Amino acid sequence: MALETEKRFRLLTLDELTSKVQEYLPDADVSLLRKAYYFSHEAHCSQKRIEGTPYIDHPLSVASMLADMHLDLTSIIAGLLHDTVEDTETNLKDIEELFGSDVAFIVGALTKLSRMQFRTQEEAQAENFRKMFLAMAEDIRVILIKFADRLHNMRTLEHLPPKKQKRIAQETLEIYAPLANRLGIGWMRAEFEDLSFKYLNPDMYKNLLKKVARRREEQEGYINEVAQQVRNKLSEHGIPAEVTGRVKHLYGIYRKMQIQKIPFDQVYDVLGLRIITDTKIHCYEILGLIHSMWRPIPGRFKDYIALPKSNMYQSLHTSVVGPKGERVEFQIRTHDMHRIAEEGIAAHWMYKEGGRVLEKDARYIRWLRELIHSQKELKDAREFLEMVKGEVTPEVVYVFTPRGEIKELPAGSTPVDFAYSIHTEVGHRCIGARVNGRIVSLRYQLQSGDSVEIITSPSHGPSRDWLNFVVTQRARTRIKQWIRGEERKQSLELGYRLLETEMRKKGLSPNIIKSDEMEEIAKSFSLKSTEDLLVSIGYGKVSVHQVIHKFIPEEKEEEIVPIRKRGKEVEAKGIKIKGIDNILYHTARCCYPIPGDNLIGFVTRGKGVTIHRSDCPNLGRIAVDDARLVDVDWVIDENKTAQARLYVETVDKPGVLASLSALMSSMDVNISHLEANTTHDRRAHLTFIVEVKDKDQLNTLKNKIASTEGVLNVKR
C-alpha cells in the first residue's frame, strides 16, 4: 500500500532473526548465523549510527529484511557482514576462512573502492556501481543485499544533513528504484520511490499524503461495495479468487500528474481493486465477467499475461466505468503471478543456496549480461553508469522483428535503437526502416505492436545526427564509439602528415616518427604511444613545433633573420625595408602578412622590425610613436611561400576535417599547424596555419573552403 512507506519496523533481536529464518529454512545452520552476528557485533562494537544507536542495528535490520524475502542462509550471513570490510579492520581473507568463499565474494562486491583515489564523487560512485554490476551478473544476491542495505538507510535518512539526504535520495530514485523495477521487486521499488520523493519534494509529498488519505477515507466504502459485487459474481460462476483494495503509491500518483499534466482530482486510479485467482484461464474469465458488469474504458486494457514485461511481471489491467459513473481500475493475476510481481527476481532464489542464475531463468537478466558485455568497451565508468540508467527505464514498447520475435525497447525508441538492439553492425549499417511494411523516417517513434524491418548498406556508417534522437544507451554508446574511432583515424592520418612535412622542412628524417626516440617524446607529453602523439597533433592538442623542439631545442617559434646591407634599402626573404641598414626583422604572428598584403614595419627596441599588415588591429595599440614606423614592401618571388592563418567554423561531424585537409592538399597548400575545438551546440572551430604563395592563392582557398559541405564560416 502507498502509505506503508511511513511505517517503521521494530528491530529484531538475534533470537527473533534466527526463528524467522528457521520458519522457512528448518535445516539452516543457525550456529553459523549466530557466529556471523557476533563477528559483526564485535567488528562494529566501537561504532554508532548517526542517530546514536549501536551500529549493529543496521546489519541486523538488513539481515531481517533478507529473511522477510526468504533468501538463503548465505544471503542472511552476508547481510550481517556486509559493512565489516569497508568500515572496520576486517579483511576478506578473515571472512572467507570463517564463513566460506560465497559470503566473501558477496561482501567483497558490496565493499566500496574506498582505497582508490578518485577525482570526483561522481567518478567514485560510477566505479563502485560498475564493480557491483560485474558481481551482480555472477551472483544475483549481491544486488538483493544492496537493495536491503539501501532501503534501511532510506528509512533512517531523517538523521542526515539535508544536503546529504537529497544526494542519497536522488541516487536512489535514479538508480535503485528503476533497477528494483527492472528486477520485478515491486514493493521495494514503490518504497524506494516514495522515500526518495519525501526528501526531494517534501511539500508535495506531504500534500499528496493528506489527499490520498482523504480520498481513501471517502472512497473506502465505495471500493468495498464494488469488491463485494465482484465477489458475488465470481461465486455465481464458481471461480475462486481473492478481491482486495489497492492504493497507488505516492510517487506513482505524482508521476502521473506530471506526465499527463493533470491535478490530483483527475487521477482516477488512486484506489483500485486487485483480483488474485488460481489459473491463467480464470484470469481471462474474470476479465470477461467484469466487462459484462461495467463498460470498459477504451485504451485502458493491457494484457501483460500474454506479453509479460521483461521483469517477469504478469497481470491483466483494465479500467471500467463502475457504479455511480466512477472509474475503477482492476488488476487480475494468479497467485504465482502476484508473488513474482511483488518479489520479482528474488522469488527465483527463495529457499535456495547458490545465487546462480539457472539457464531457464537467464532471460530475465539477459539485459544485465548485455550491459556487462558492453561495459568492457567503455573506459569511463560514468558512461557505464549512464548506460545503466538508460537500461532500467520503466516505460517500454513491444515491437516485432520480421521473424515475429518480440523486442522490448524504452518508450520513444526509433528504428535506429531497434537496429542496435539486434546487433551493433546492423545499427552501424542502417540506412532506413520499414514499419508494418511502410518506409518510415529513422526518427519515427516505435509503437507497441509495430513490426520493424531494418534496411542496411555495407558502405554506410552512423551519423552524429542520430545522437539527437536515439533513446537507448546501447545505441548512443555504439554511435559515439564509432564516431570516436573515425575521428581518431582521421586525426592519426593528419597528425602524421603534418609532422612528416615539418620534419622534412627542418632536415629531419621522417623515419624518426617510427623510432623508439619518438615513443619517449610521446611519453614526455603524458601520452602512451607515438600513435597517441600523432592523434593529438591531428586534434590540435599538441603542436608540430612542440614536437620538433624536442629534437631542436634552440629553435624559436618566430624566425628572426639578419638583413644584408643594400644601400638605402635592406632586402631579405622577399621583403624590402627602406632606409634602414643592418637590422633584424620578423613577421608578426597576430596578422600573418603574405605577398599581396599592404605592409608596415614597427621598430621594436632590441628586436628589430616587426612586419604587420597595414590593417592589423594591433598596430593601433602599439604604434603610438610614428617615428618607429617604417615603410615595407614585398619583393615577389614565386618560389617562396608565407604563412597565413585561417579560422574555419563547421558543423561538428565526422569527415569535415578530412575534407578540408584533402582540399588544401589538392591546391598544393601545406598545413603547418592546426588547432581544433568543439562547442556544446555541435560546432567545430578550426584554426589553420597554412603556407601560401600570395593573397590570391589564399582568397581562392577561402572560397573553396566556404563552399565545402559542413562549413559555416571562414575568415582570415
Side-chain angles (χ1 to χ4, degrees), residues 464 483-484 486-506 513 518 521-522 524-527 530-552 555-559 586-594 612-613 616-618 641-665 667 669-692 697-698 701-702 704-706 708-716:
R464 183 181 290 273
I483 290 171
R484 281 198 294 263
E486 290 300 301
E487 288 177 345
R488 182 179 175 87
K489 279 192 273 184
Q490 292 169 8
S491 296
L492 177 63
E493 181 184 342
L494 179 60
Y496 187 92
R497 192 161 67 244
L498 290 173
L499 184 56
E500 180 187 41
T501 300
E502 191 66 19
M503 293 185 84
R504 290 187 188 279
K505 285 170 58 180
K506 303 301 181 185
I513 296 175
M518 190 60 76
I521 287 174
S524 74
F525 287 100
S526 300
L527 298 168
T530 298
E531 181 177 303
D532 288 341
L533 177 60
L534 295 174
V535 169
S536 293
I537 293 171
Y539 276 132
K541 294 178 181 177
V542 176
S543 76
V544 173
H545 296 295
Q546 287 176 290
V547 179
I548 295 297
H549 287 177
K550 297 287 184 179
F551 293 98
I552 314 173
E555 178 161 309
K556 307 297 182 186
E557 188 68 33
E558 294 180 343
E559 183 176 351
H586 60 274
T587 54
R589 292 306 189 226
C590 54
C591 57
Y592 284 91
I594 60 174
H612 291 265
R613 284 169 23 209
C616 176
N618 282 343
T641 60
Q643 290 187 337
R645 178 168 53 199
L646 286 178
Y647 297 103
V648 183
E649 182 183 8
T650 74
V651 294
D652 183 16
K653 69 176 185 178
V656 174
L657 185 57
S659 299
L660 295 178
S661 300
L663 170 62
M664 294 180 192
S665 178
M667 292 183 62
V669 172
N670 182 53
I671 303 171
S672 62
H673 183 69
L674 166 65
E675 292 181 7
N677 293 293
T678 57
T679 63
H680 69 280
D681 58 349
R682 297 186 177 86
R683 296 286 187 267
H685 295 285
L686 312 173
T687 302
F688 293 94
I689 306 298
V690 295
E691 296 176 359
V692 293
Q697 186 183 26
L698 182 64
L701 176 62
K702 282 174 60 181
K704 289 192 175 183
I705 290 175
T708 301
E709 183 181 356
V711 172
L712 304 173
N713 188 27
V714 56
K715 64 180 180 179
R716 190 175 171 188

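Keep in mind that the numbers below use all heavy atoms, side chains included, and drop hydrogens, waters and symmetry copies. Bear in mind the structure is a predicted one, so any value in this text is a computation, not a measurement.
Proximity of Leu660 to Val711: side-chain heavy atoms (C-beta onward) are separated by under 4.5 Å at one or more points. Counting only heavy atoms from C-beta outward, the side chains of Leu646 and Leu701 approach each other to under 4.5 Å. Counting heavy atoms from C-beta outward, Ile705 and Phe688 have side chains that stay 4.5 Å or more apart.
The pair Glu493-Arg497 meets the salt-bridge criterion, with a side-chain N (NZ, NE, NH1 or NH2) lying under 4.0 Å from an Asp/Glu carboxylate O.
Considering CG of Leu686 and CG of Leu674, their distance stands at 6.5 Å, rounded to 0.5 Å. For the atom pair CG (Asn670) and CD1 (Ile689), the distance works out to 12.0 Å, reported to the nearest 0.5 Å. With rounding to the nearest 0.5 angstrom, the CG atom of Leu499 is 5.5 Å from the CD1 atom of Ile548. If you take CE on Met518 and CG on Leu533, they are separated by 6.5 Å, rounding to the nearest 0.5 Å. With rounding to the nearest 0.5 angstrom, the CD atom of Gln643 is 5.5 Å from the CD atom of Glu691. Note: Asp532 CG to Ser526 OG = 11.5 Å, rounded to the nearest 0.5 Å.
Without hydrogens or angle criteria, Arg716 side chain to Lys702 main chain gives no donor-acceptor distance under 3.5 Å.
The two residues Ala644 and Val692 have their closest heavy-atom pair at CB-CG2, 4.3 Å. Closest heavy-atom contact between Arg464 and Ile483: NH2-CG2, 3.1 Å. The minimum heavy-atom distance between Ala642 and Ile594, with the atom names listed, is CB-CG2, 3.8 Å. Between Lys704 and Met667, the shortest heavy-atom contact is CD-SD, 3.7 Å. Of all the heavy atoms in Ile671 and Leu498, the pair that sits closest is O-CD2, 2.7 Å. When all heavy atoms are compared, the tightest approach of Cys591 to Arg613 is O-NH1, 2.9 Å.
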Take Thr650 and Leu657, measure what side-chain contact (heavy atoms from CB on, under 4.5 Å) needs, and give me the verdict at the end.
-> CA-CA 9 Å; Thr650 74; Leu657 185 57; over 6 Å; no
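Between Thr708 and the options Val648, Val656, Leu663, a side-chain contact (heavy atoms from CB on, under 4.5 Å) holds for only Leu663.
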